[in-house]
Structure formats: structure tokens, C-alpha cells
Amino acid sequence: MSAYTATVTVRLKHGVLDPEAETTKKALERLGFELDALRSADEFEIDLDATDADAAAERAGDMAERLLANPTIHDYDVEVSEAE
Amino acid sequence: MVVCIVRFGGSNCDRDALRALTDLDVDADIVWHEDGLPEDTTAVMLPGGFSYGDYLRAGAMAARSPVMDEIRELAADGVPVLGVCNGAQIGCEAGMTPGAFTINRSARFQCEHVHLRVENADTLWTAAYDEGEVISLPIAHGEGRFEAPDSVLAELEAADRVLFRYCDEDGSVSDDANPNGSKGNVAGIVGEDATVAVMMPHPERAALPDLGPTDGRGVLRGFADA
């Protein structure tokens, strides 16, 4: 077993309205910034022990499927690195 | 006949639901979710509130609590289940009904009276109304925007599984009458079996004659007729 950190990034599917991101974009524009679009995402860093990186990624993917993401509105991706 | 109103940490419409059901002569009890459902449970209500502080997504945590396995089993046996507001979010998160209720188009919490058009009056929950009837109920939510893939909404509409749509006082369903940006102005739907229903507006907050409008009694009467 080795120690890994799995990073799960959960973001809204393309085309799903993100009112908080819209509000944030407007606030940035009020501060004088120029920007075309802004998207937000949630990132979860999960420390776990697994036999190899693939097993760690699979377990973190299951976590996203079961809880961290809502498949109706979200896409997610998983990246695994050896824990520092 | 005991309707179990399931209380999670952060539920806050459980007592309103109990009062409204009692006024309708429906035998109901509030049950703490960790205690599980009593054996004589004949229907389940998931009340509004902010279970688990809306952590992650509204309803996400409660939807994965052990009591939901019990509720899913009962629902499969035909036991009526109604989720209101946070209960609706829990129902969708638990996969009992399709779609999701997510952040309002306004990005704000909204507390107001809305008009709803009854889309299907042939269910337990809407039998007290006529199809096309316009009723008024309060909403109080920050995450009430119904989202579903186009194909899922089309399936729901084709199977007549939309219970209510947001409309104006004349029953016209328009974007102007859509308080939260819900897809198709959908305010409430039923599951594959129409005995399971979820809705964002609060029938229990419009059910006591002494407090004003009573348009919500018709929904709750579904428990009496179950």
C-alpha cells in the first residue's frame, strides 16, 4: 500500500446555468476587470492508501459518483499523485 | 395509518407539517432519522429545512443517510412518499425522482408566494384539484431551480409526471412567472411510481384556515386518501 492524494474536481456540465459564477463575474467587472466568462468548480483533495495509483483513482472516482458530484448536473475528473 | 415526518438535523418544517396534517385529521408523527421508521409507517413525508446545513449540495447528505434505504424500500412497496422543499432536494439526490434542484437563477434565497398550474390532477397528491387549476403556495428556497437533461424532461412530460408548473395568476406558464429559473417551469414531479412526489413549494405553509390561504391542503390530503 502506498499513500496517495486524489484530487477530484467537480464542475457543472456545459450549458448548466451557474448563478454564483455569473454573480462573481459581475463583481469582478464592477472592480474594473475585463473578462469574457468565468466558471467555478469544487475541488476535493483526498488522502488515501491504495495498492497503486489506478486503485486510488478508482476509489476516488467512486466517491465522486456516489456523493461528491451529482451526475444530473456535474462532470468530474480525478487526478492522483503520491502523497507528499 | 401513521405518516412519518422524518426529521434530520436542520429540518425546520417538520412541526409545520405535523400541525397541518393533524388539522386534516391525518395521524402523523415526527421521527428522528437515526431512529428508523416505525413498523406501522404507512406514508413518509420529507419536510423542508436545511438538513446538514446544505453542505455540499442541498439534500446531498440526508439523501445518503441510512433511513433513506428504508424509505426507498417502502416506496418500492407502494408506500406514499412526499418530499417538500429540502425534502424534494433530498428525494432527487437520493434518486427517487429524476433531475436536481439547484441554485436559483437569482443566486438568492427567495421567500414569496407563487402561482402554480396543476398539470396532472390524476395523482394522489393532486386529486383535490382540477387539471389546469391555478393555486397559490409559498416558496422559500435558495436551491430550487429544477435542472434535468432535455431528454429527461421530455420523458417526464410524455409520461405526465409533472405535477405543477410555475405560472402567473391566469395560469400562463412563462419565463416571467418562473421564480427560480426552473427548466420547463417545473415546480414538482412524481417518481416512476406516482406515489412518490417531490415539490419545492410548501403545501404545509398554506394549510391552516386561521393563518390564511389553504391551497396546500389538497396536496396533504393525499396522505388522508392514501
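Throughout, a chain's letter reflects where its sequence line sits, starting with A, and its residues are numbered from 1.
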Distance-only donor-acceptor pairs under 3.5 Å for side chains of residues 6-16 of chain B, two or more places apart:
unit_1, atom_1, unit_2, atom_2, d
B/Arg7, NE, B/Asp14, OD2, 2.4
B/Arg7, NH2, B/Asp14, OD2, 3.1
B/Ser11, OG, B/Phe8, N, 2.8
B/Ser11, OG, B/Phe8, O, 3.2

Contacting region of B/Ile103 [heavy-atom separation from chain A under 4.5 Å]: both
Greater than 12 external heavy atoms within 6.0 Å of B/Glu112's CD: yes
Among the listed options B/Gly99, B/Ala148, B/Ala60, B/Pro149, the residue most often paired with chain A at heavy-atom distances under 4.5 Å: B/Gly99
B/Asp77 atom CG, over 12 foreign heavy atoms within 6.0 Å: yes
Under 4.5 Å from any heavy atom of chain B - which part of A/Ala69: backbone
Please list every donor-acceptor pair closer than 3.5 Å that links chain B with chain A, giving the two atom names and the distance for each.
unit_1, atom_1, unit_2, atom_2, d
B/Arg57, NH1, A/Leu67, O, 3.2
B/Arg57, NH1, A/Leu68, O, 2.9
B/Arg57, NH2, A/Leu67, O, 2.7
B/Arg64, NE, A/Arg66, O, 2.5
B/Arg64, NH2, A/Arg66, O, 3.2
B/Glu93, OE2, A/Asn70, ND2, 3.2
B/Arg145, NH2, A/Leu17, O, 2.9

Under 3.5 Å, which donor-acceptor pairs link side chains of residues 192-199 of chain B to any protein atom two or more places apart or in another chain?
unit_1, atom_1, unit_2, atom_2, d
B/Asp193, OD1, B/Thr195, N, 3.2
B/Asp193, OD1, B/Thr195, OG1, 3.2

Under 4.5 Å from any heavy atom of chain B - which part of A/Ile73: side chain
Inter- and intrachain pairs under ring pair (Phe, Tyr, Trp, His ring centres under 6.0 Å), touching residues 67-125 of chain B, at least two apart: B/Phe101-B/Phe146, B/Trp125-B/Phe223
